[in-house]
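As structure tokens, the structure follows; a few thoughts come after it.
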Amino acid sequence: MNVRGTVAGSVEVRTVSTSYGESDLAEVPVQLTDVTSTDGSQEACDQTTLEASDGPARERTAELETQTKAELETLTTVTITCWGKWAESADLLEPGMEILVTEAEEREYQGEQQYSTTGDSYVVVEPDFLVNVTDIRSWVECPRLYYLNKLSGVPLNYPVTKGTLVHEVFGDLLRGQDLEASIEERIDERGLELGLLGESPKSVAEDVRQNAAAIEGWLEQGRLTEDEKSGDEDGNESFAPAESEWRSEQLLISETFGIRGRADAIRRGAPVELKTGKNLKKEPRFKDKVQAACYALLLEEHGGSVDTGTLLYTKNSALDRNEETGDLTPAKDFSMGSGLLKFVVRLRNEIAAMEFDDGVPTGHEGNAKCEYCFERDTCMVVSGRLDQESKAGQIGTALPAEEREYFDRIYRAIEEERREVHREYAKLWEQDAEERAEDDRALIDLEFLEKRELEGGRWELRARQRSPATSKIREGDLVLASDGHPVRGEAELARIERFGDERAERNSANDSSGPQPQELVLTADEPVEVTRLDIYPSELTTDRLLTALHDALLKGSERRKDVLFGRADPAFEDTEEVFIDNNERQNEAVTKAVTAEDCALIHGPPGTGKTYTIARAIRAMVERGDRVLLSAFTNRAVDNALEALREQGFTDFIRVGTESGVREDMLSHRLERSGDPEERLAELEEAQVVAATTATCGSRTMKEQSFDVALVDEAAQLTEPGTYAAINLAERFALVGDHEQLPPVVRAENELSESLFERLVELYPDAGVMLDRQYRMNQRIQVFASREFYDGELRPATPEVAGRTLEDLEGVSQDDLPEPLRDPVSFVDVAGDASQYTDSEEAARIAGLIETYEAAGVERESIGVIAPFRAQVSEIGNHVPSDVAVDTVDRFQGSSKEVIIVSFVATGDLEGPIFEDYRRINVALTRPKRALVLVGDRRALESDPVYERMLEWADR
DNA sequence: GCTCTGCGCAGAGGA
């Protein structure tokens with residue numbers, strides 16, 4: 001049986017003598033959460049064990065969860081005895097951690113129920129924490145390596161790029177591709193990367209060819225022996241291996257062992273790992289064996305039974321005949337006993353236990369000799385700066401206490417975010433399909449339509465929704481495509497190429513028959529018969545935040561840090577130049593941005609011409625000879641700023657980003673990754689202005705770039721390390737934002753929810769400027785936001801803006817509106833229904849309001865509806881025509897409409913963070929130009945002072 | 001409980 005629970009006390013480890021001799025054991029007090037029988041017959045297929053574990057045991061878990069804390073404390077804890085080497089893993093446990101023991105034995109001892117490990121058992125610490133195979137690999141070599149990779153990332157270097165290329169070509173060969181065609185294509189794809197490395201396609205191709213020769217020879221050899229066995233003599237020219245024998249690059253997740261990774265290849269169910277190094281020894285390198293053993297464990301959970309692995313060292317050639325063995329091939333087969341597999345799980349447990357604590361790791365070295373280590377310098381610098389003990393020694397001086405304290409704090413906060421990502425992974429198997437679909441994290445019950453092999457051996461897969469459903473899955477996303485279950489079934493990492501059938505979209509645009517079932521087109525390495533798609537959680541963002549923090553604190557200039565830590569005031573040059581002559585604050589903002597020697601802060605309330613100001617500042621910087629990085633949290637903001645630049649006649653910029661992220665009208669400026677290395681490099685390096693999201697600024701490519709100035713928009717929506725990702729690349733920086741609007745989106749409540757922008761604005765009021773004239777709202781609309789959020793400083797830029805009404809629009813007559821709606825701000829009292837996140841009465845009333853405005857001549861496209869919850873957004877969507885924009889507050893930020901209707905979904909009380917955060921209401925109320933209608937329950941709104949003032953303003 | 005954008009995924013390796 002499998003036993004799972006939460007550690008409820010301290011673990012006792014001791015040595016006892018048994019009939020087999022001395023043995024270690026650890027006694028772990030555990031509060032059981034799950035006991036699953038595994039003694040089913042051998043024939044039992046995966047599906048039945050699956051159902052068994054979803055049955056009574058799950059119900060018991062649910063029962064436990066609903067019990068009160070007090071009740072839980074009185075529950076009896078049981079003892080799990082971990083024998084032998086498992087005592088080492090048990091010794092890592094701390095109260096609160098989760099433990100899973102497979103194939104455990106149950107017995108009664110002195111009236112107490114006990115469990116213990118058996119010879120077939122595995123002990124898994126924190127099983128929900130998925131550890132990467134490559135992390136286990138570096139951990140076994142030296143735990144410091146694991147930290148260093150995590151903290152500072154792996155920079156661009158040729159050996160790594162070459163290794164990647166050889167792997168890609170290997171995969172192509174397995175998929176039956178022609179060698180030369182594959183090499184050419186793969187090198188072309190990495191044009192930009194090779195350009196940055198200063199490599200020519202010709203020499204790289206030669207390198208790859210040499211490595212590939214070893215692979216081809218080996219594949220050919222394997223094919224011959226297979227042919228002999230099967231008597232097949234069809235003389236097939238291609239090296240394409242028999243389909244059933246091989247599988248390339250499979251992503252595997254183990255919910256039992258808490259491991260995930262992608263195997264290079266699988267041959268007859270056993271892992272094959274490719275290494276582009278040379279190894280003339282008889283045995284594979286130990287860390288390589290460990291890596292292969294990880295994949296073996298993963299494959300075993302997916303129904304295989306694995307006892308061998310193969311390592312392919314492609315630098316070995318026939319000339320390198322091994323002295324000892326006479327071995328001619330680059331391949332080394334080795335057997336994997338249960339001892340190795342268990343050792344691997346214990347390594348994995350060490351990482352999982354260490355990551356349970358989210359503090360900065362101190363790190364300890366393995367037995368490897370530091371003098372041979374390629375990471376030695378980085379290792380010494382990190383130990384020196386963080387004042388950690390190091391066998392290799394330390395370089396540099398330790399960070400001052402306040403910086404060290406800050407580093408620790410932000411490190412923890414980022415790790416908390418990472419943990420949230422891990423919780424998302426766990427949900428892949430903890431939630432059932434319906435729950436995931438309800439959470440918008442999966443599309444289920446898809447109808448598989450067809451698969452089509454593409455050139456290059458990949459597959460195009462098509463599926464269709466049986467009924468319309470919403471999800472967070474979008475075009476360009478990477479998803480887990482499965483035939484039913486993302487972890488237990490056949491699953492493959494796939495990219496969403498197209499989402500939505502064009503025909504269906506066109507048909508639904510003009511009727512209100514509601515949403516149509518959508519058609520999906522995906523691409524993947526293998527032809528999965530897709531019936532379900534799950535969002536694939538990614539740690540990429542947290543990884544990049546961590547390296548941005550590392551770079552800012554450990555590698556950043558002292559002057560920069562003096563400013564960040566409040567030890568030196570930002571300095572500015574003098575200038576008499578006037579950049580904008582009709583708006584004093586905008587001119588001051590551009591002046592500050594251009595003359596800043598450290599940093600400038602531009603506070604831009606709604607409609608104050610932020611984007612225009614940014615574009616003007618960039619042009620002025622370029623004129624002074626500066627190379628400028630333009631960045632923002634979202635793609636939309638980056639493209640908006642570029643659009644403003646283009647409107648001002650400036651087009652010497654390059655947009656770096658993904659094809660699906662960059663807006664269509666900016667795609668012509670997008671830097672392609674593929675092509676001629678020198679051309680790509682020139683495009684990037686010769687651009688005066690480079691624009692990318694902050695996430696992209698943390699990419700390997702962008703980290704190779706340097707700038708004079710970084711200008712960051714939407715800075716109030718960025719976490720501190722998120723901001724560093726951009727400003728680390730530049731000497732000076734200017735942040736533009738509004739901390740009275742939406743804060744950063746973070747999963748966990750922590751330090752990351754305050755932006756660097758906000759902190760610096762408070763720290764250095766003199767380095768900042770607030771734009772105070774807005775070009776959007778009728779004066780009456782603007783009053784409340786100005787008073788409530790901007791100390792009354794916000795005012796209309798011109799009399800025209802102050803006095804704008806619907807009457808100015810062509811074909812609109814205010815006389816056709818009912819009296820209350822003639823005022824630019826009005827309130828509609830709706831008693832509302834009792835549901836929590838929707839309100840159908842409000843929705844119906846809003847539909848009526850839209851008809852009223854339409855009757856008065858207002859076009860549907862000029863009207864927007866804002867609701868606090870997505871549920872209400874779709875409720876309203878069911879009531880109103882599809883050409884009226886209906887969205888959440890968050891997604892409306894940055895845009896505006898002539899008429900805005902706000903649905904408050906407020907009945908009874910106003911509890912809930914959505915309403916507590918007044919910044920949200922600021923955003924909602926400042927979207928309209930000419931008319932604002934508030935729809936909600938007066939009594940509920942009056943219960944809060946801010947909303948009460950809002951009503952007074954609307955009532956006037 | 002609710003809001004939710006990004007990112008070539010994971011891994012590629014030098015003696």
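Quick note: numbers below take in every heavy atom, side chains included, and nothing from hydrogens, waters or symmetry partners. Lettering follows sequence order; numbering is per chain, from 1.
With DNA chain B read from its 5' end, the first of the two nearest nucleotides for A:Asn149 and A:Gly657 is the one closest to A:Gly657.
Among the heavy atoms of the strands lying under 4.0 Å from A:Glu375 is at least one base atom, whether or not backbone atoms are also near. Among the heavy atoms of the strands lying under 4.0 Å from A:Thr541 is at least one base atom, whether or not backbone atoms are also near. In this structure, A:Val746 reaches neither bases nor backbone, as no heavy-atom distance under 4.0 Å exists between it and the strands shown. Contacts of A:Arg137 with the nucleic acid, taken as non-hydrogen atoms under 4.0 Å apart, are absent. Within 4.0 Å of A:Tyr536, counting heavy atoms only, lie sugar-phosphate atoms of the nucleic acid but no base atom. Across all strands shown, A:Lys162 has no heavy atoms under 4.0 Å from either base or sugar-phosphate atoms.
Computed from coordinates, the A:Asp207 CG to B:dA12 C1' distance equals 14 Å when rounded to whole Å.
The aromatic rings of A:Phe129 and A:His422 lie parallel to each other, their planes meeting at an angle below 30°, with 60° marking the opposite boundary.
For A:Tyr158, there are no ring-ring contact (aromatic ring centres under 6.0 Å, His included) partners two or more places apart in sequence or in a different chain.
Comparing B:dC7 with B:dG11, their C1' atoms sit 16 Å apart, to the nearest whole Å. Straight-line distance between the P atoms of B:dG8 and B:dC4: roughly 23 Å, to the nearest whole Å.
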**OP:** Dot-bracket notation for DNA chain B is requested: 5' to 3', Watson-Crick or G-U wobble pairs only, both distances under 3.5 Å, with ( ), [ ], | and . as defined.
**Re:** ...............

